[in-house]
Amino acid sequence: MIDAPKAPVLIEMDAPGANPAEAHPIEDRPAGAAMTAVAAIATRQPSRLARWFWGSLVALISFGLSVAAYDFVAGLIARNPVLGLMALGLLGLILLICLIILFREWAALARLSRLDGLQHAAASAETMDDARAVTDRLVRLYKARSEMDWARQRFSDRKADVFDADALLALAETDLLAPLDRAATREVEAAARQVATVTALVPIALADVIAALTANLRMIRRIATIYGGRGGTLGSWRLVRAVFSHLVATGAVAVGDDMLGSVAGGGILSKLSRRFGEGLINGALTARVGIAAIEVCRPLPFAAAKRPSVSALVSRAVTGLFDRKEG
């Protein structure tokens with residue numbers, strides 16, 4: 001029987017092994033991939049060559065359709081005047097509808113510009129006359145909305161007692177914009193809840209990206225409508241690009257430790273599955289987008305009223321979806 005060696009056996013290695021300190025960290029927490037993809041889509045800037053290509057292609061197609069329509073109507077009139085006149089009337093109706101659509105798009109862009117002008121005027125108002133001019137424009141903005149009658153009447157009754165520019169703007173903010181702020185925050189909570197639910201419960205590739213994109217587009221459009229900036233297709237897309245460009249420029253779409261701490265206390269995130277954690281982060285990022293949309297669409301900047309917080313919005317939005325208890 002051979003006795004086992006009492007000393008440890010050392011095996012010489014030809015090359016040194018890998019250093020564990022140099023290994024790449026394992027990504028074990030959700031990163032909000034869906035909302036990051038949405039931000040990339042919304043802020044993507046096409047190259048100048050691509051803009052020229054698509055512009056030339058649209059012009060060529062429009063020119064070809066115009067020539068084809070002219071030849072069709074002219075040939076039909078030559079063969080049968082009655083049918084030709086009917087085709088000419090239908091063509092005129094189509095052109096009229098196109099003009100109406102263009103006018104609505106122009107009106108939508110004008111409404112968004114009016115909100116932006118009110119924001120700048122309120123930020124630069126220093127005298128009482130400047131503040132009165134801003135509040136008068138604000139009252140005219142909501143004059144046709146019946147749900148704002150009580151708020152306008154309350155502001156009209158109280159503004160005579162104010163003799164300071166900042167106090168007058170603060171009164172307009174609390175009396176006129178408070179109900180609109182509540183409606184806008186409800187839209188943000190609904191969108192955050194929808195994005196979080198779809199991300200957590202639908203394990204289909206690209207489903208969370210599509211859900212996040214549609215929910216954010218709908219949310220931004222409704223927030224603009226609440227504050228009086230109801231926009232068309234071009235206006236809504238311009239607003240979406242402005243909101244996401246602001247978020248990307250400020251780094252607000254990046255998930256950090258502050259985000260994790262604000263939406264989940266302690267170790268609750270580690271107790272959730274990967275999909276539920278991803279849904280929670282996507283919902284929080286949607287709330288950030290909603291707050292940015294509120295700041296862009298709101299006629300007056302936040303001064304007297306408190307700016308909505310991501311943690312409060314997400315806490316109300318995910319109530320019932322995620323258990324926040326520790327054990």
Side-chain angles (χ1 to χ4, degrees), residues 34-35 37-117 140-141 144-145 187 191 194 198 204-248 289 293 296-297:
M35 284 301 299
V38 169
I41 294 173
T43 57
R44 183 182 303 165
Q45 291 288 347
S47 64
R48 181 174 299 179
L49 183 61
R51 291 197 298 266
W52 287 350
F53 170 77
W54 289 112
S56 301
L57 182 62
V58 170
L60 179 61
I61 294 175
S62 301
F63 181 73
L65 291 176
S66 301
V67 172
Y70 175 80
D71 291 341
F72 171 73
V73 173
L76 194 58
I77 290 176
R79 293 194 306 268
N80 191 324
V82 177
L83 295 179
L85 290 177
M86 292 177 61
L88 183 62
L90 291 176
L91 182 60
L93 180 62
I94 293 175
L95 292 177
L96 179 61
I97 293 174
C98 291
L99 289 176
I100 293 175
I101 293 175
L102 291 176
F103 176 77
R104 292 183 62 183
E105 293 293 334
W106 173 82
L109 293 175
R111 283 191 292 266
L112 294 177
S113 300
R114 181 168 51 182
L115 293 180
D116 187 63
R140 288 196 300 269
L141 179 64
R145 296 174 58 169
E187 292 293 339
Q194 179 183 359
V198 172
I204 301 176
L206 296 180
D208 51 355
V209 177
I210 295 175
L213 181 60
T214 55
N216 279 268
L217 290 175
R218 189 185 305 112
M219 175 188 66
I220 294 174
R221 188 183 181 94
R222 289 180 177 176
I223 289 175
T225 302
I226 288 172
Y227 286 111
R230 184 176 65 256
T233 303
L234 295 178
S236 298
W237 185 245
R238 174 188 172 188
L239 184 60
V240 168
R241 290 181 64 87
V243 170
F244 276 95
S245 297
H246 172 71
L247 289 175
V248 172
V289 174
V296 171
C297 299

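Ala191 and Ala215 make their closest contact through CB-O, 4.2 Å (heavy atoms, listed as atom of the first residue, atom of the second, distance). Nearest approach of Arg145 to Thr225, heavy atoms of both residues: NH1-O, 3.8 Å. The two atoms that bring Val73 and Leu91 nearest to each other are CG2-CD2, 4.1 Å, heavy atoms only. Heavy atoms only, all atoms of each residue included: Ala87 and Leu76 are closest at CB-CD2, 3.8 Å. Minimum interatomic distance between Leu115 and Gly228 (heavy atoms only, all atoms of both residues): CD1-C, 4.2 Å. Considering all non-hydrogen atoms of both residues, Val198 and Ala211 come closest at CG1-CB, 3.4 Å.
Going from atom CH2 of Trp52 over to atom CG of Leu49 covers 7.5 Å, rounded to the nearest 0.5 Å. The distance from atom CG of Leu88 to atom OH of Tyr70, rounded to the nearest 0.5 Å, is 11.0 Å. One finds the OG1 atom of Thr214 at 11.0 Å from the CE atom of Met219 (value rounded to the nearest 0.5 Å). With rounding to the nearest 0.5 Å, the separation of CD1 in Ile101 from CG in Leu96 is 10.0 Å. Between the OG atom in Ser56 and the CD1 atom in Ile61 there is a gap of 11.0 Å [rounded to 0.5 Å]. We find the CG-SG distance between Asp116 and Cys297 to be 10.0 Å, quoted to the nearest 0.5 Å.
A heavy-atom distance below 4.5 Å is found between the side chains of Gln194 and Arg218. Looking only at side-chain heavy atoms (C-beta outward), Ile223 and Val296 stay at 4.5 Å or farther from each other.
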